[in-house]
Participant: 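Take a look at this one; I'll ask things after.
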Amino acid sequence: MSQNLNAGDVCLKVEKFNAWYDQFHALKDINMDIRKNKVTAMIGPSGCGKSTLIRCFNRMNDFIPTFRQTGKILFEGNDLSDRFIDPVEVRIKVGMVFQKQNPFPKSIADNVTYGPKIMGVRQKSRLDAIVEESLRNAALWDEVKDKLKSSALSLSGGQQQRLCIARALAMQPDVLLLDEPCSALDPIATSKIEELIIQLKEKYTILIVTHNMQQAARVSDHTAYLYLGELIEYDETTKIFTAPAQKATEDYITGRMG
Amino acid sequence: MIINSSSVQIRKIKENTVQAILFGCAIFSVFVTAGIIGVLSFETFEFFREVSIIEFFTDTQWTPLFTQKHFGIAPLLCGTFLTSAIALIVAAPLGILTSVYLSEYASPRVRRVIKPILEILAGVPTVIYGYFALLFVTPLLQKVLPDLPGFNALSPGIVMGIMILPIISSLSEDAMYAVPQSLRNAAYALGSSKLQVSFKVVIPSAFSGITASFILAISRAIGETMLVAIAAGQMPNLTLNPMESVMTMTTFIVQVSLGDTQTGTIEYKTIFAVGTMLFLLTFGLNIIGHKLRKRFREVYA
Ligand SMILES: Nc1ncnc2c1ncn2[C@@H]1O[C@H](COP(=O)(O)OP(=O)(O)OP(=O)(O)O)[C@@H](O)[C@H]1O
Ligand SMILES: [Mg+2]
């Protein structure tokens, strides 16, 4: 496996990481360095463990009773998977956007301010500023600025997903995890979110799971190919898509794998 | 394909008969309900031919059984409102906390044990709640509040709160449980604690379902009869003081129905007028409650 990525700051360092659901070995000996301010795409056939891996970065697997793990995920010198680390602290720094848009049944503004409010921000002017900034960053501001008080559920699917991104950005995380963020969206909404991802990497480290090869090629700097819980290949996106080192990777991205 | 026309014929006749019987059953209950509403409306109409509707709603005294008759329903409405309000004050917070516990914290095993116990509470005959209020809760309250009379609104109100608790906790728990897991995940991913998820996401998201549970519980409290008839007293009393004895609409109906009132007299007609009030109130509340529940379901359909 080649890991000769352009040097750069490492944001997340995955070391000898294994994960199980009960007896099922879902992630096998994963080692990978995720670079700061880059977009890292994770690709691979359904069930290969992409979501399992991405959920390890913000401890969302804690809610699955059968889940077990070994190895390390280092973030700012701490092991995220350490059970003494407070998962709430982790999730404040590592934001997540889910496959299916899941806005709260509250107003657009209240969706964005949810996180800051539970962090104790009370000042109205501060919250208003957060709403505007987050919605601008999520490329949604112009579409909703006149109806911030209306229900988030009145938005279209693509707008809802961008609202979910804005909601995650409002926490000012260091890392943003996107698990198939466009799978429920039409091509126009998808391209909006792709543009957004490219802009956001200036400020955030982004991990994106996608089934869409073109999407991975368009938005990511680095790509990881997983297969049956193993990290088969991890390299520069251009390299993966033009001259993959592994035959398996090539078969998958050219669609020759069933 | 083999078509045996006679067996097809027989099956058709069978199906039609079954359908006719089922239709008959359905129509029967519709007729009975219509009949009840018909009688209620008729007698109420008769009542209002003798008593002005203005007096009914503005007079502050209710003394239809005395020689000096007054027909102001306000004291009865007040008694009903008072006991129901006390019940809701007791049951709403307890009910919400119970349902949060059951929906968000309890393990499936604990939930399986506690839910049926709560439902048993709902199945206790209300006459037992009545004596419980009169003979146990009232004396207990009198230890703290020595001025509390034997019949009062407070004690049956509290016990009624216990009685409607299962309605609130069970319907609210349904509403909370129906809140999609994806919303909880969203909240956790934003760094919420479990408590914050429960109170800032689950409860607000289940809001209309929870409100519906309150409304249906109040409707039950307003219609509740034995409990208040036994423990709240028989004194129409225009008061909002829980320490006083009050008479509810239902208690009045019991009182007249048990007496030897002659059919066709004004006393007789009063119970239909009061019954209509009661019916309209609970019917209205039930409609609002069910509408809210339906709307809640649509949000997450
Ligand atoms: N909660 C769970 N309990 C048991 N097994 C699970 C659980 N979640 C996932 N798995 C198993 O772990 C493996 C990896 O699942 P995961 O969801 O990470 O795949 P994925 O790569 O994200 O797939 P997809 O592209 O379909 O989303 C699968 O075989 C799946 O059946
Ligand atoms: Mg997945």
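Keep in mind that the numbers below use all heavy atoms, side chains included, and drop hydrogens, waters and symmetry copies. From a predicted model like this one, the values you see are computed outputs, not experimental measurements. Residue numbering restarts at 1 for every chain, and letters A, B, ... go by the order of the sequence lines.
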Participant: Which region of A:Pro87, side chain (C-beta onward) or backbone (N, CA, C, O), has a non-hydrogen atom less than 4.5 Å from a non-hydrogen atom of chain B, or is it both or neither?
Facilitator: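 Nothing of A:Pro87, per the 4.5 Å heavy-atom cut-off to chain B.
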Participant: For B:Ser219, what residues pass the side chain to side chain donor-acceptor pair (under 3.5 Å) criterion, not counting sequence neighbours?
Facilitator: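 Counting only residues at least two positions away or on another chain, B:Ser219 forms a side chain to side chain donor-acceptor pair (under 3.5 Å) with B:Asn286.
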Participant: Which heavy atom in B:Ala189 sits nearest to a heavy atom in A:Met96, and how many Å separate them?
Facilitator: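 Minimum heavy-atom separation between B:Ala189 and A:Met96: CB-CB, 4.0 Å.
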Participant: Let me know if A:Phe104 has heavy atoms under 4.5 Å from chain B in its side chain, its backbone, both or neither.
Facilitator: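 Both the backbone and the side chain of A:Phe104 come within 4.5 Å of chain B.
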Participant: Take atom CE in A:Met119; do more than 12 heavy atoms of anything else shown fall under 6.0 Å from it?
Facilitator: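 No, not enclosed.
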Participant: Less than 4.5 Å to any heavy atom of chain B: does that hold for the side chain of A:Ile118, its backbone, both, or neither?
Facilitator: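 For A:Ile118, heavy atoms of backbone and side chain both lie under 4.5 Å from chain B.
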Participant: Please report the closest heavy-atom contact between B:Leu183 and A:Pro103, naming both atoms and the distance.
Facilitator: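 Scanning both residues, the minimum pair turns out to be CD2-O, 3.2 Å.
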Participant: Could you list every donor-acceptor pair linking chain B to chain A (distance under 3.5 Å, backbone and side chains)?
Facilitator:
| unit_1 | atom_1 | unit_2 | atom_2 | d |
| --- | --- | --- | --- | --- |
| B:Ser182 | O | A:Asn102 | ND2 | 3.0 |
| B:Ser192 | OG | A:Tyr114 | OH | 2.8 |
| B:Lys200 | O | A:Lys106 | NZ | 2.8 |

Participant: Provide the closest heavy-atom pair for B:Gly191 versus A:Ile92 in the form atom of the first, atom of the second, distance.
Facilitator: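 Nearest pair, atom of B:Gly191 first, then A:Ile92: CA-CG1, 4.1 Å.
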Participant: Please determine whether the number of non-hydrogen atoms from other residues, nucleotides or ligands lying under 6.0 Å from atom CZ of A:Phe63 exceeds 12.
Facilitator: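 Enclosed.
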Participant: When you look at CZ of B:Phe81, are more than 12 heavy atoms from neighbouring residues, nucleotides or ligands closer to it than 6.0 Å?
Facilitator: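 No.
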Participant: Do other residues, nucleotides or ligands put more than 12 heavy atoms under 6.0 Å from the CZ atom of A:Phe67?
Facilitator: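 Yes, CZ of A:Phe67 has more than 12 neighbouring heavy atoms, counting only those of other groups under 6.0 Å.
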Participant: Can you tell me which portion of A:Val90 sits under 4.5 Å from chain B's heavy atoms? Options are side chain, backbone, both or neither.
Facilitator: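 Answer is neither: A:Val90 stays 4.5 Å or more from chain B.
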